[in-house]
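This report concerns only the one structure given below.
Side chains included, hydrogens not; waters and symmetry mates left out as well; all remaining heavy atoms used. Treat the numbers as computed from the prediction; the structure is a model and nothing was measured.
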Amino acid sequence: MIAGRYRACSTAGRSFSVMTKTQTHTLALPGVDLVYDVRGPLPPVGGRPALVMIGQPMTAEGFDSLAAHFTDRTVVTYDPRGLGRSIRKDARSDHTPQHQAADLHLLVEALGAGPVDMFASSGGAVTALELVATHPGDVVTLVAHEPPINAVLPDAAAAERARAAFHEAYQAKGTGAGMAAFIAMTSWQGEFTDAYFAQPEPDPVMFGLPTDDDGTRDDPLLSKNSWAISDYRPDAGALTAAPTRIVIAVGEESAGTYTARTAVGTAALLGQEATVFPSHHGGFLGGQFGYAGKPEEFAARLREVLAAG
């Protein structure tokens, strides 16, 4: 599937019009057919590397609004192994940073354009950290936005308990109950104290979530399939020794919440302070996902951070 459209672009201070095609490709890897999209030419023009945008468990379409603000660069998005269009063939259902980073390394190789810049959010940021640790030559600058890593928290054991609670709600009552408990966890301010665990179970109706149970238990966010993401332990030595410039990012509206605290903790592990971005955990999202951020402001900040390298 190839969709082409004309866009106005500029490079080196010179404006011009080019036809920028969005091309969808499938990369056959062991155990998965990995689907990715390329906006713009390969190799990139203008002397800048391709910009790869990744999430987890979010798939490529979540970056449509952000990519629309980078029409002067070649942008690559993809569906991680076992999510969206990237169909697994290995009979597994778990999503690990190690598997995803190995896939991502092969994707960067397949682009054939040398090391890339990368914007990685949430679980994708964890994958990206593993990629830099294991294949440091793949990435020039990594902006890792709010990686959900329990090990960097002072209350790591309590965070694991809170994670277990939303999983148990999901197992007992289905998606609505599980997601309500997940929202309660990720919106809680500060450490997970006794006050957090003393709360009654949140009502899915409060969040506009369904109360019926469709019987499925394989949601990548609410099941245990992605626990390896939040259980990840970054290799600080490998990351700080890598030639990659790593920027840990946090949303200004996220302050005090779980993923803001994990971002701050990850930054501290690497001897830096978290770089503040506009909006919240999904600050780059457009309104079509019901969790709108500020994609234009977010893109401007990302462009600024990438240019500073």
Side-chain angles (χ1 to χ4, degrees), residues 55-59 61-62 65 80 82-84 93-95 121-126 145-153 155-232 250-265 279-294:
Q56 170 92 14
M58 191 181 72
T59 48
E61 68 273 13
S65 294
L83 299 169
S93 59
D94 57 328
H95 305 287
S121 187
S122 194
V126 181
H145 182 247
E146 301 196 7
I149 299 172
N150 288 336
V152 301
L153 296 176
D155 57 327
E160 292 173 3
R161 181 182 170 193
R163 178 184 65 180
F166 76 69
H167 170 70
E168 289 164 7
Y170 175 55
Q171 290 296 319
K173 299 179 181 179
T175 300
M179 186 58 70
F182 174 81
I183 294 171
M185 175 188 172
T186 54
S187 59
W188 179 258
Q189 287 285 317
E191 295 187 14
F192 296 108
T193 60
D194 290 343
Y196 174 80
F197 295 106
Q199 298 178 108
E201 285 189 10
D203 184 351
V205 174
M206 293 171 54
F207 304 104
L209 296 167
T211 56
D212 58 317
D213 184 354
D214 64 7
T216 62
R217 295 294 186 271
D218 58 355
D219 186 281
L221 189 64
L222 302 176
S223 69
K224 290 186 177 182
N225 290 347
S226 298
W227 278 24
I229 299 291
S230 48
D231 283 339
Y232 182 70
V250 63
E252 61 183 350
E253 297 173 22
S254 300
T257 63
Y258 168 68
T259 53
R261 295 194 302 118
T262 58
V264 169
S279 197
H280 47 60
H281 189 65
F284 50 89
L285 293 174
Q288 67 269 40
F289 295 99
Y291 184 46
K294 299 176 181 176

[atom2] on [Y] to [atom1] on [X], rounded to 0.5 Å:
{"X": "Q288", "Y": "E61", "atom1": "CD", "atom2": "CD", "answer": "9.5 Å"}
{"X": "K294", "Y": "E253", "atom1": "NZ", "atom2": "CD", "answer": "4.5 Å"}
{"X": "L222", "Y": "T175", "atom1": "CG", "atom2": "OG1", "answer": "6.5 Å"}
{"X": "S187", "Y": "F207", "atom1": "OG", "atom2": "CZ", "answer": "6.0 Å"}
{"X": "T259", "Y": "H145", "atom1": "OG1", "atom2": "NE2", "answer": "7.5 Å"}
{"X": "I183", "Y": "W188", "atom1": "CD1", "atom2": "CH2", "answer": "16.0 Å"}

Check whether any side-chain heavy atom of [X] lies under 4.5 Å from a side-chain heavy atom of [Y], and answer yes or no.
{"X": "S122", "Y": "M58", "answer": "no"}
{"X": "S223", "Y": "D218", "answer": "no"}
{"X": "V126", "Y": "P148", "answer": "yes"}
{"X": "Q56", "Y": "I229", "answer": "yes"}
{"X": "T59", "Y": "P80", "answer": "yes"}
{"X": "M185", "Y": "Y196", "answer": "yes"}

Q) Should the heavy atoms of other residues, nucleotides or ligands under 6.0 Å from CG of D214 be counted, would the total exceed 12? A)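 Counting neighbours around CG of D214, more than 12 heavy atoms of other residues, nucleotides or ligands fall under 6.0 Å, so yes.
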Nearest heavy-atom pair of [X] and [Y]: which atoms, and what distance?
{"X": "P147", "Y": "A125", "result": "CB-CB, 3.7 Å"}
{"X": "F284", "Y": "S121", "result": "CE2-OG, 3.4 Å"}
{"X": "E146", "Y": "G251", "result": "OE2-N, 2.7 Å"}
{"X": "P202", "Y": "A184", "result": "CG-CB, 4.1 Å"}
{"X": "V250", "Y": "A263", "result": "CB-CB, 4.0 Å"}
{"X": "G287", "Y": "A292", "result": "CA-CB, 3.7 Å"}

Q. When you look at W227 and N150, which way does the side chain to side chain contact (heavy atoms under 4.5 Å, CB included) test go after all the steps?
A. CA-CA 10 Å; W227 278 24; N150 288 336; over 6 Å; no
Q. Taking 4.0 angstrom as the limit, do R163 and D231 come out as a salt bridge?
A.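 The answer is yes: the pair qualifies as a salt bridge.
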(Q) Using the rule given for side chain to side chain contact (heavy atoms under 4.5 Å, CB included), can you reason through L83 versus H95, listing the C-alpha separation, both sets of side-chain angles and the distance that settles it, and then say yes or no? (A) CA-CA 9 Å; L83 299 169; H95 305 287; 3.8 Å; yes
Q: Could you tell me which residues satisfy salt bridge (charged side-chain N to carboxylate O under 4.0 Å, His left out) with R217, sequence neighbours excluded, listed by chain and number?
A: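 If we apply the salt bridge (charged side-chain N to carboxylate O under 4.0 Å, His left out) test to R217, skipping adjacent residues, the hits are D213.
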Q. Run the side chain to side chain contact (heavy atoms under 4.5 Å, CB included) check on H281 and T186 step by step: do they pass?
A. CA-CA 10 Å; H281 189 65; T186 54; over 6 Å; no
Q: Not counting sequence neighbours, which residues clear ring-ring contact (aromatic ring centres under 6.0 Å, His included) with F166? List them please.
A: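 Once residues adjacent in sequence are excluded, the partners of F166 under the ring-ring contact (aromatic ring centres under 6.0 Å, His included) criterion are F182.
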Q. Any sub-3.5 Å donor-acceptor pair from S226's side-chain atoms to L221's backbone N or O?
A.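 Not at all, since once roles are kept as given, no pair shorter than 3.5 Å links the two residues.
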Q. Is R161 close enough and on-axis enough to F197, meaning under 6.0 Å and within 45°, for cation-pi?
A.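 Judged by the rule, R161 and F197 form a cation-pi pair.
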Q) Would T257 and Q189 satisfy side chain to side chain contact (heavy atoms under 4.5 Å, CB included), going step by step from the backbone distance to the final call? A) CA-CA 5 Å; T257 63; Q189 287 285 317; 3.5 Å; yes
